[in-house]
Enquirer: 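Pasting a structure below so you can have a look.
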Amino acid sequence: QGSGEEHHKLAGGPLHASDGLDSHLQPGAALRVAGLPSPKAASAMAFDAAVKHASSEAFPKLPGASRDRMTRIYGLYKQATVGDCNRSRPGMLDAVGRIKWDAWNGLKGTDKASAGQAYIDTVGLIDPSFARQQQARPPAPPASAAAGGGAASTARAGPSAG
């Protein structure tokens with residue numbers, strides 16, 4: 001049998017009892033070790049699920065889908081995917097275009113992540129079944145775990161190199 005060090009190699013180097021796994025992992029790698037998505041990936045997955053749900057044919061026909069909420073969803077989607085409005089306001093003859101532009105431009109300065117979360121929340125307001133479905137999913141890990149605190153700490157408790 002080989003030494004204990006041969007069995008505990010990570011990132012090409014031996015793992016000693018005095019070494020923390022954090023020194024061998026890239027930022028966010030602790031989550032991959034634990035098999036969890038990063039908070040950013042979890043948010044992206046929830047946003048994609050909300051977009052898919054809101055794109056269904058039945059969604060605009062739901063009782064909670066008021067004109068104001070649907071216009072808000074449009075603005076939030078554009079803010080979350082593009083950022084601040086980068087177009088000039090449509091002319092007077094394009095009433096729908098002006099309403100959509102106003103919804104998007106009214107969110108100027110909102111960061112993409114906040115707009116994406118507001119989009120998810122608004123889809124949940126329109127269709128409470130979507131909100132319940134999102135609540136049933138496991139929560140995204142806290143940001144401190146992404147920095148290497150959570151899963152790496154438990155991994156450190158494994159056998160030490162001898």
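Nothing here was measured: the structure is a model prediction, and the numbers come from that model.
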Enquirer: So S129 and Q133, do their side chains get closer than 4.5 Å, heavy atoms only?
Expert: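 Counting from C-beta outward, Q133 and S129 never come under 4.5 Å.
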Enquirer: For the residue pair I73 and R69, establish whether any side-chain heavy-atom pair is separated by less than 4.5 Å.
Expert: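 Answer no - side chains too far apart.
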Enquirer: Say whether, by atom type as modelled, one donor and one acceptor occur between the side chain of W101 and the main chain of V96 under 3.5 angstrom.
Expert: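 Not confirmed, W101 side chain does not pair with V96 backbone.
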Enquirer: Who are the salt bridge (Lys or Arg N to Asp or Glu O under 4.0 Å) partners of R87, not counting sequence neighbours?
Expert: none
Enquirer: Among pairs that include at least one residue of residues 111-123, which meet side-chain hydrogen bond (donor to acceptor under 3.5 Å, both in side chains), considering only residues two or more places apart or in two chains?
Expert: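 Matches after skipping sequence neighbours: D111-S114, Q117-D121.
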Enquirer: For residues T110 and Q79, report the shortest heavy-atom separation together with the two atoms involved.
Expert: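 That closest heavy-atom pairing would be O-NE2, 2.8 Å.
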Enquirer: Indicate if F59 and F130 have the same hydrophobic cluster label, given that clusters are the connected sets of ILVMFWY residues with side-chain heavy-atom separations under 4.5 angstrom.
Expert: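 F59 clusters together with F130.
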Enquirer: Any side-chain to backbone donor/acceptor pair from Q134 onto G124? Under 3.5 Å, distance only.
Expert: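 Flag not set: sc Q134 to bb G124 has no pair under 3.5 Å.
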Enquirer: Taking everything shown except F47 itself, do over 12 heavy atoms lie less than 6.0 Å from its CZ?
Expert: yes
Enquirer: What heavy-atom pair brings I126 and G64 nearest, and what distance separates the two atoms?
Expert: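 It is CG1-O, 3.5 Å.
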Enquirer: Are K100 and T71 side-chain neighbours, meaning at least one heavy-atom pair lies under 4.5 Å?
Expert: no
Enquirer: Quick check: do K78 and L107 have side-chain heavy atoms less than 4.5 Å from each other?
Expert: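 Result no, sub-4.5 Å side-chain heavy-atom pair not found.
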Enquirer: Please assess H53 against D127 for the test side chain to side chain contact (heavy atoms under 4.5 Å, CB included), listing each intermediate value before the final yes or no.
Expert: CA-CA 9 Å; H53 192 78; D127 187 355; 2.6 Å; yes
Enquirer: Mind checking whether L62 and L76 sit in one hydrophobic cluster, side chains of I, L, V, M, F, W, Y counted as touching below 4.5 Å?
Expert: yes
Enquirer: Closest approach of P90 and R98, non-hydrogen atoms and distance?
Expert: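 Minimum heavy-atom separation between P90 and R98: O-NH1, 2.9 Å.
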Enquirer: Looking at every non-hydrogen atom in both residues, tell me the closest pair between N105 and C85 and how far apart they are.
Expert: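 Smallest heavy-atom distance, with atoms named: OD1-CB, 3.6 Å.
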Enquirer: For the residue pair A115 and A80, what are the closest heavy atoms and their distance?
Expert: CB-N, 3.7 Å
Enquirer: I'd like to check the side chain to side chain donor-acceptor pair (under 3.5 Å) partners of D94; sequence neighbours left out, ordered by chain and number.
Expert: none
